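Let me begin by presenting the structure, written as structure tokens, before commenting on it.
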There are 2 protein chains.
Amino acid sequence: MAKFKLDEIDHQILDMLIDNTRVPFTDIAKKLVISAGTVHVRVKKMEEAGIIKGSSLTLDYKKLGYSFIAYVGVFLKNTSQTKFVLERINEIPFVTVAHITTGKFNVFCKIRARNTEHAKDVIFMLDDIEGVYRTETMISMEESINDKKRLMHSIFNEM
Amino acid sequence: MAKFKLDEIDHQILDMLIDNTRVPFTDIAKKLVISAGTVHVRVKKMEEAGIIKGSSLTLDYKKLGYSFIAYVGVFLKNTSQTKFVLERINEIPFVTVAHITTGKFNVFCKIRARNTEHAKDVIFMLDDIEGVYRTETMISMEESINDKKRLMHSIFNEM
DNA sequence: GGTGAAAGCACCGAGTT
DNA sequence: AACTCGGTGCTTTCACC
């Protein structure tokens with residue numbers, strides 16, 4: 001939970017790797033005018049410190065036939081059931097993220113589906129969970145940003 | 001936009017790479033009992049087809065001191081201003097995702113911040129955008145799932 | 001904490017079946 | 001379409017600074 005101290009070189013290494021994990025360390029080394037060994041050691045340290053949790057592929061879900069995104073707010077009959085309901089939600093495929101929230105909804109989740117029909121099936125599964133009072137769906141018509149690099153820069157700018 | 005045909009071997013290759021992009025192709029080859037060259041050719045094809053859009057590092061934002069997540073629903077004075085407002089939102093740091101939505105809100109976004117105070121600054125910036133009528137914030141108290149691998153398996157199971 | 005070189009591998013293309 | 005194989009180049013370690 002504690003803050004970890006990263007210097008300018010770490011920032012730049014992350015900057016080059018954040019949206020392309022396969023950039024050779026030798027390229028990074030050249031650009032930063034340090035040795036490839038140093039890049040290696042620093043990346044390893046950030047991994048050990050847990051700053052770098054891992055790496056992942058970015059797939060094009062639209063091309064796979066899954067272009068539907070919606071957010072679903074869930075109202076519970078009783079907040080004491082939150083944990084139970086969350087566990088049931090976690091079992092539903094195509095629910096990609098779930099949060100316990102304050103504010104309007106008790107639980108809030110994101111789903112990705114093939115189309116409206118398919119999303120309906122997923123939402124019905126949410127509605128059918130014992131303890132769920134009702135749900136409210138917001139369909140995404142256009143996703144406009146989703147940029148890790150930008151967030152990272154915002155963070156580094158504040159350091 | 002069109003569906004792209006992936007076979008069982010492609011599924012397994014993606015399965016191994018999706019949450020660790022640095023798994024050596026030789027390891028994948030061993031596990032699937034094919035040659036490393038084949039793995040290479042298949043990955044390249046998926047990249048060329050755009051199924052694999054890229055790769056990214058997963059950072060631990062909590063460890064960087066940014067543990068606050070909230071969703072903010074935005075109501076507009078007039079929906080004709082949607083495009084303009086979205087552009088302004090895209091300029092605000094710490095807004096990580098924004099969607100145009102149907103349903104309760106006109107625009108819906110996710111923010112990541114240091115703490116409540118910091119989030120307040122971000123939300124004020126949203127409120128201050130010309131054309132924004134008001135906003136509604138849902139604070140995430142606990143994020144429960146966020147798993148690409150699970151989504152991918154859900155998709156493959158349906159194919 | 002950084003370097004530079006050397007050893008060990010992985011990547012990736014060419015040629016073959 | 002997949003395999004083998006070889007050249008090229010990346011990663012990773014280590015002795016030294």
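In this text, all values refer to a predicted model and were calculated from it rather than measured experimentally. Residue numbering restarts at 1 for every chain, and letters A, B, ... go by the order of the sequence lines.
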Step through it carefully: locate the ring centre of A/F108, locate the ring centre of A/H99, and say whether they are under 6.0 Å apart.
no
Assess whether atom CD of A/E91 is packed by more than 12 heavy atoms of other residues, nucleotides or ligands within 6.0 Å.
yes
To the nearest angstrom, how far is A/I34 atom CD1 from C/dG4 atom P?
12 Å
Which nucleotide wins on minimum distance to the side chain of B/S35, given the candidates C/dA10, D/dT4, D/dT11?
D/dT4
Within 6.0 Å of CD in B/E48, more than 12 heavy atoms from elsewhere:
yes
Mind checking A/T38 for me? I need base, sugar-phosphate or nothing, with any heavy atom below 4.0 Å counting as a touch.
base
Nearest of C/dG13, D/dT13, D/dC3 to any side-chain atom of A/K44?
D/dT13
If you only use heavy atoms from C-beta on, which nucleotide in D/dA1, D/dT11, C/dT3 is closest to the side chain of B/K45?
D/dA1
Write down the distance between NZ (B/K30) and P (D/dC3), rounded to a whole number of angstrom.
15 Å
Send over the distance from A/L17 CG to D/dC10 P, rounded to a whole Å.
14 Å
Is the side chain of A/S55 donor-acceptor paired with the backbone N or O of A/T21 at a distance under 3.5 Å, no angle test?
no
Starting at CD1 of B/I13 and ending at C1' of C/dC11, how long is that distance when rounded to a whole Å?
15 Å
Name the residue closer to the 5' end of DNA chain D, choosing between B/V39 and A/V41 according to the nucleotide with the nearest heavy atom.
B/V39
Rounded distance (Å) that lies between atom P of C/dG13 and atom CZ of B/F25:
11 Å
B/F75 ring centre to B/R134 NZ or CZ under 6.0 Å, with the angle to the axis within 45°?
yes
Integer-rounded Å distance: C/dC11 C1' and B/D27 CG
13 Å
Reckon B/H40 has a side-chain N or O less than 4.0 Å from the OP1 or OP2 of C/dC12?
yes
Please tell me which of the listed nucleotides, C/dT3, C/dC11, D/dA1, lies nearest to the side chain of B/R42?
D/dA1
Between C/dG1 (C1') and A/I9 (CD1): distance, integer Å
10 Å
Look at the side chain of A/P24 and decide which nucleotide, out of D/dC10, C/dC11, D/dA1, has an atom nearest to it.
D/dC10
Quickly work out the A/N20 CG to D/dC10 P distance and round it to whole Å.
14 Å
